[in-house]
Amino acid sequence: MSIAANLNHLRERIETAASRAGRDPASVRLVAVSKTKPAEALEEAARAGQRLFGENYVQEFTTKAREVREPVEWHFIGALQSNKVRQIAGLVTMIHSVDRLSLAQEIERQWAKLDATCDILIQVNVAGETTKSGTTAEELLTLVREVALLPHLRVRGLMTMPPFFDDPEGARPYFRELKQLAGVVAAAGIAGVSMDELSMGMSGDFESAIEEGATLVRIGTSLFGEREYPR
Ligand SMILES: *Cc1c(COP(=O)(O)O)cnc(C)c1O
């Protein structure tokens, strides 16, 4: 199937899942995860109406950002080293993977130089897996309070990568937990912090994520096909 056909099919599935949950389909945005895919594939998706792309690797992303000719918007969704933040400053409208204060402080420094504000999500390791990045549920509120004090960052919500399951239902409890944590943060009423965005759900499980409240679903394989090399 072509990328355009995949995209249409995904849009239908997103709409159906949203409707099933009694949600406005427009409240769910598709982040096209384009890691390892060439600029041509992104341009094909862009010509089919996809505007928002998510990238994971700084070097690969900055190269692609120069190559892609269509007007697109970028989110950074991968693990991010502080010493590489400078390279993506101003190129992305949102960073989904902020999981520690030192990283937030570097984003603050780089966006301040641009006199701009960066929207960020706090990545939460809901399952507490030792191999995954993300702050813990216990440390979340403390981190949000600290990040909220940085004037060139705007905390917009939470992101999670649940453990891998073959069964698309397997991740649902973690999606539900992330939504609940967002409620806890929202209830704390921290100045400048909103919890409007929940980035959760990938190719295998985005429908249950939408049913549990996702506003950003990050989908790669179902749109672009299998990746050429494993990451
Ligand atoms: C690769 C990746 C995705 C997309 O995964 P698919 O299963 O290919 O849809 C989503 N989120 C993050 C953080 C990723 O690294």
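Everything numeric here is computed off the predicted structure, so don't read it as measured data. One-based numbering, in listed order, for ligands and for the atoms of each.
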Working for side-chain contact (heavy atoms from CB on, under 4.5 Å), residues Val92 and His75: CA-CA 5 Å; Val92 300; His75 284 185; 5.9 Å; no

Test log, rule side-chain contact (heavy atoms from CB on, under 4.5 Å), inputs Leu181 and Leu141: CA-CA 9 Å; Leu181 288 170; Leu141 209 48; over 6 Å; no

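- Cluster partners of Val33, by chain and number: Ile77. The rule joins Ile, Leu, Val, Met, Phe, Trp and Tyr whenever side-chain heavy atoms lie under 4.5 Å apart.
- If you chain together ILVMFWY residues whose side-chain heavy atoms come under 4.5 Å of each other, Val184 ends up in a group of its own.
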Polar pairs, ligand 1 vs protein, N/O only, below 3.5 Å.
residue	atom	partner	partner atom	Å
ligand 1	8 (O)	Thr221	N	2.8
ligand 1	8 (O)	Thr221	OG1	2.5
ligand 1	8 (O)	Arg227	NH1	2.8
ligand 1	8 (O)	Arg227	NH2	3.2
ligand 1	9 (O)	Ser203	N	3.0
ligand 1	9 (O)	Ser203	OG	2.5
ligand 1	9 (O)	Gly220	N	2.8
ligand 1	11 (N)	Arg218	NE	2.8
ligand 1	15 (O)	Lys35	NZ	2.6
ligand 1	15 (O)	Asn56	ND2	2.7

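- Using a 4.0 Å cut-off between a side-chain N of Lys or Arg and a carboxylate O of Asp or Glu, Lys64 and Glu67 do not qualify as a salt bridge.
- Remark: Phe61 engages Trp74 in a ring-ring contact (aromatic ring centres under 6.0 Å, His included) (not counting sequence neighbours).
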